[in-house]
Every structure is written in structure tokens, then in C-alpha cells.
Amino acid sequence: MKPSIVFVGFMGAGKSTALRAAAAEGLSTVEIDELMEKSFGSTIPQAFERHGEEGFRAREAEVVGSLLEKADDGGAIALGGGSVLSPRIRAAMARHTVVWLQVDATEAWRRIAHSDRPLASDADTVGTLLATRLPLYEELADAVVPMGDRNIVRRALPMIRKLPDLPAGTKMLWASAPGGEYPVLVGRGLLGMEWWPLQSRRFLVTDRAVGPLYRERFVPFVALCELEPGETAKTLANTEIVLRAMTREGITRQDHVVALGGGVVGDLGGLVAHLYQRGVPVVQVPTTLVAQVDSAYGGKVGVDLPEGKNYAGAFQQPAAVIADTEALATLPPAELAAGFVEVLKTGLLAGGSLWEQVRAIAQIVPAELDDVVFACARYKCAIVAADELDTGLRNVLNLGHTVGHAIESATGYTAYRHGEAVGLGLLAALRLSQADALRDEVGEILARHGLPTRLEVPIEVPNILDALGRDKKRTAAGVGFVLLRQPGEPEIGQLIDPPRVESAIRELMA
Ligand SMILES: NC(=O)c1ccc[n+]([C@@H]2O[C@H](COP(=O)([O-])OP(=O)(O)OC[C@H]3O[C@@H](n4cnc5c(N)ncnc54)[C@H](O)[C@@H]3O)[C@@H](O)[C@H]2O)c1
């Protein structure tokens, strides 16, 4: 039985437009609203009026449930906004590829304000209704397509159609930013799959720890470069070494780079792709938790200078991100814990259900992280979509990084892993936010996962302050901090009196 593509989403999300895109690809299509009108012999508002919402939903469960239970021609079906409320319909969706078309409350209301939809009387009602349905869409979705122009589903459709051939449980996010759109795949066993997003030849950039574990899965590749593992490899010198290796191997603009590894490989591999003959595509294959929840997405690529972290870089959105969560099983536990700090940061920034999920994690078990990885990827990509070039909102991702980067830089990038330093930075940022109870809780979470909560290496405070003064994000007015009084409510660009900053850092040494 061939699975169908089932479009779900709130009123005004563009389900009918999506169906037209599917029809244009030759798929058979069914619009549930039309089916319901036929079944009732009236318009939907009339059916609501005559039978009430309960009567409407009961008939919908019957009609849509049996349609989904029988559907086997690989066609496309657009559900009604509230169809997901029915347990029978939800159960029948399990066999199909469910695509969640996202829309926010403001845009939904703008699109439907003048329609006669029975449950959409005003903007507030729309907001409340959307909030109650979001968890259902989120839980059901195999693929997520963000709000975009009218053709976004048409562009994402080939990838959506591929999903049933990928390992079971794989989720896809269609990441969309002004600088490029790309599929993000999160799943188990993706590194062993035959399918690959680009047809051209691949040049592998990896490191000496990851290469031996996974490079065979990428055969055939033209050649590979293996860096020394760790942050100290993220240099301009290594960038040149890789660029020259590509030249020697005859890589052309038709080929592409595969960055297989953690954030270091991803950042350097992305920069190399950006520079090589003024740009070749890069497929990011993140293998650490840091990279799977954060660094692989959003197109910031670059290397460190001795004077400052990530000081030389560019923006280049990947051609695809393939995050195989099975790869986390070979990650040393200390790296896994350090990566968890980016998860913690994302939970704090997003608030809501993600924060609840993250704070409840008693032990970091790689096999249990798939949903969290996908949720973090979605959060990051949504921020990048709104502010790709980091001129405002994207700054939120820097929560904990201002002090974190200064600690890394002042300790020569060797004393702490990136995530460990950011964990300490989170504690400082929360103290500066006067979120004392939250700081205590974050301290407990860090300790629970064996992460440092105190700066224990011998290091002078002035050295950290010096490094802070060179923060890339500083302006003429000073270094702007990301503060967070409550989970889900970050504030960017907050200038803080230097003595308060110093005391938040000294507290880490107490
Ligand atoms: N570009 C961005 O938006 C962004 C965002 C966050 C962080 N970063 C950057 O990411 C870097 C940190 O990334 P990281 O923590 O992944 O560090 P990393 O790349 O150094 O990887 C950590 C260690 O884990 C090893 N490793 C990786 N995957 C493995 C696997 N599956 N099995 C066994 N070992 C494995 C590596 O060899 C390395 O020794 C920093 O340079 C940071 O600046 C970039």
C-alpha cells in the first residue's frame, strides 16, 4: 500500500495551494473540505450550524478516517484544520507521510479574516485555537514546511516524496532563509542510506576521529581531508590546506563538499565550500550533539583567529543537512554532555514545551534524543529564517556565548569544550538577567549531567574581560548581552555595567 502525502495545518496555512502543487506533479488529490461539503450536501458553515461542531467532527472522523485507512495510491490529501482532533483520523495518519504546513496566528488571521470559516470569528479566537492545535500538528508531522511564498511546497515536494524511502522515523524540515532553502533530515540510519541529496561528486572534509568511523559510508567520494580533532584545527591555515587539496584532486564547481563531523568540521568545511572557486555546495553531516542541534544549520561558516573565535567567516546556507542521530552513540560521553548545553540553551530560548522537555531529562541517552534534536533544529532554522545575517533576532542564539567565547579564547580553546564554556556563560548570563532561581536550576541541570558549574582552571579575570572586549558582537556602545528573565523571553543587545559583568564572572570562580 503506497502511503499518501497528508497535508495538515491550521486554517489559512495553504493546504489547498499545497494540493495544487501535488496535482501539478501528477498526484491524485483529495480536499477534505470538499469531501465534507459533499457528504453534508451543504457548505461547511451550514453543516456546523445544523449539526454543531460535535456533529460535524463525528461525520468528519468517519469520512476522513475511512478515506485515510483505505488510501493506497500515493496521492495527496489536504485535511481540514481541525481534522487532527479525531483520534481515529490521527491513528489512520500513521501510515502516511504527514506534512505540517506552518502558519502563525497573525498571518492565519490575515488570510482568513474575510472568509466564512465557522470557528474563526476574531484574531484572538484564532490565536487560542491555533495554540491548542499546535501540539497535535507537531506530534503528527513527518515533514515540516514553514510559512513561505506560494511555491514553497512545490519546491519541497520532491524531498517530501522521498521520505517513505528513507529509514523509518526520519523527519524532514524544509529550512528556508533568504540565502537558500534546503532539506534538514533527522533520523536513525541516514548515514547508511543509498539516497543522496546531490548527484554531483563529493569531497569529504572530516576529522581523524570521525573519518575512520564513518567515511566508508560515503564511498564513492573523490577524496577526503581529515583534520586533527578539536577546536585548535579551526584555523585559516587548515582552510588553505583543504582548499589546496581540493585543487589537487581537480574538484570543480559542479562538485560539492560534505562536512562530516562536529561543529569544527562543519564550520571549516562550510567556509572551504564558500571560498572554493567562489562557492560550491556543501552538505552538512553533523555527528555531534552541538552540530545536530545548532551549528549545522543557518549557514554561519568560519574559523578562529588567535585573537578571537569565529573571527574569519562567511554565510553559506548548506545544500542539505543530514543528521543521523545514531552517530551520537559513538560520541564520547563528555562531548555528548557538552553538546547538551546547546540543547539547554535552545530550551531556555524557546521556552514552552521544549523547555519542559529539556529540564526533565534525567540522563542524556543518545537513543532518546531524536525529538529534541528535531525540535532544536526547527527552533534554530526559524530564527535564521527571520534574521539570516544576524542583524537582530539571530543574536538570541548567543545566549551564554558572550562569556562562553571569552572563556574559550582566554584559555586558548584547550581548557574547556565549547559547550562546557557556554554552560558557564549561561550561568553568568542568567545572573546578569537577575533570573536567580533559573540560574540555580540551570546550575543543577549542568551538575546533573557532569558539566562544570565553576571555572576551575587557573585563569585571570582580566584575561576573560579582555577577550570579552574583543567579542565580535560588540558595538561602539559596548558588548551587548543576551539576557533571559524567563524561559522563552530572551532580550538581545543588553548593555551591562562592567563591574556587574566582572562580578558575574568572579562568581564562577568562587
Ligand atoms: N556555525 C554555527 O552556527 C555554530 C553554532 C554553534 C557552535 N559552532 C561551533 O561548533 C564548534 C563546536 O562543535 P563540536 O562541539 O561539535 O566540536 P568538534 O567538532 O570539535 O567535535 C567534538 C569532538 O567529537 C569528535 N566527534 C565528532 N563526532 C563524533 C562521533 N559521532 N563519534 C565520535 N567522536 C566524534 C570530534 O572528533 C571532536 O574530537 C565550535 O567551533 C563552535 O564555534 C558553530
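First listed ligand is number 1; within each ligand, the first listed atom is number 1. On a predicted model such as this, the values are computed, not experimentally measured, just so you know.
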Stepwise side chain to side chain donor-acceptor pair (under 3.5 Å) check, Glu181 with Trp174:
CA-CA 7 Å; Glu181 286 186 331; Trp174 188 251; 3.3 Å; yes
Exercise for review: Starting from the C-alpha separation in whole Å, work towards a yes-or-no answer on salt bridge (Lys or Arg N to Asp or Glu O under 4.0 Å) for Arg188 and Asp324.
Suggested key: CA-CA 5 Å; Arg188 319 207 126 251; Asp324 185 343; over 6 Å; no
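Partner of Trp195 under the side chain to side chain contact (heavy atoms under 4.5 Å, CB included) criterion, out of Asp165, Leu185, Leu190: Leu185 alone.
Backbone and side-chain nitrogen or oxygen atoms of Gly263 are examined, and one is located within less than 3.5 angstrom of a nitrogen or oxygen of ligand 1. Considering backbone and side-chain N/O of Asp294, none are found under 3.5 Å from N/O of ligand 1. For His418, no nitrogen or oxygen atom sits less than 3.5 Å from a nitrogen or oxygen atom of ligand 1, counting backbone and side chain alike. Taking any N or O of Glu342, backbone or side chain, none lies under 3.5 Å from an N or O belonging to ligand 1.
At a heavy-atom cutoff of 4.0 Å, ligand 1 is contacted by no atom of Arg208, backbone or side chain. Here Val301 has no heavy atoms under 4.0 Å from ligand 1, in either its backbone or its side chain.
We find that Lys380 and Glu342 are not joined by a salt bridge, their nearest charged nitrogen and carboxylate oxygen being 4.0 Å or further apart. Under the 4.0 Å criterion applied to side-chain N and carboxylate O atoms, Arg506 and Glu502 are assigned as salt-bridge partners. Salt-bridge check for Arg394 with Glu388: failed, with every basic side-chain N at 4.0 Å or more from each acidic carboxylate O.
Of the protein's non-hydrogen atoms, Thr288 OG1, 2.5 Å is the one closest to atom 16 (O) of ligand 1. Protein heavy atom at the shortest distance from atom 22 (C) of ligand 1 is Glu335 OE1, 3.3 Å. For atom 41 (O) of ligand 1, the closest non-hydrogen atom on the protein side is Glu231 OE1, 2.6 Å. Looking from atom 42 (C) of ligand 1 to the surrounding protein, the closest heavy atom is Lys309 NZ, 3.5 Å. Ranking protein heavy atoms by distance to atom 34 (N) of ligand 1, first place goes to Pro332 CD, 3.7 Å. Taking atom 20 (O) of ligand 1 as the reference point, the nearest protein heavy-atom neighbour is Val264 CG2, 3.3 Å. Of all protein heavy atoms, the one lying nearest to atom 29 (C) of ligand 1 is Leu331 CD1, 3.4 Å. Protein heavy atom closest to atom 4 (C) of ligand 1, with residue, atom name and distance, is Ser295 CB, 3.2 Å.
At least one heavy atom of Lys380 sits less than 4.0 Å from an atom of ligand 1. The closest approach between Arg417 and ligand 1 stays at or above 4.0 Å for every heavy atom of the residue. At least one heavy atom of Ala327 sits less than 4.0 Å from an atom of ligand 1. A heavy-atom separation below 4.0 Å is found between Gly230 and ligand 1. For Gly302, the heavy-atom gap to ligand 1 stays at 4.0 angstrom or more.
The contact set between ligand 1 and Val210, taken as ligand atoms under 4.0 Å from a residue heavy atom, comprises 26 (N), 27 (C), 28 (N), 29 (C), 35 (C), 37 (O). Those atoms of ligand 1 with a heavy atom of Asp207 less than 4.0 angstrom away are 36 (C), 37 (O). Taking every non-hydrogen atom of Leu213 and a distance limit under 4.0 Å, the qualifying atoms of ligand 1 come out as 32 (N), 33 (C). Atoms of ligand 1 found under 4.0 Å from any heavy atom of Gly262, numbered from 1 in the order shown, are 16 (O), 19 (O). Under a 4.0 Å criterion applied to the non-hydrogen atoms of Ala209, ligand 1 contributes the atoms 37 (O).
Between Glu226 and Thr206, the side chains place no donor N or O within less than 3.5 Å of an acceptor N or O (distance only, hydrogens not considered).
Taking each of Thr330, Val341, Leu289 in turn, the one with a heavy atom nearest to atom 33 (C) of ligand 1 proves to be Thr330.
At a threshold of 4.5 Å between non-hydrogen side-chain atoms, the residues Val258 and Trp196 count as touching.
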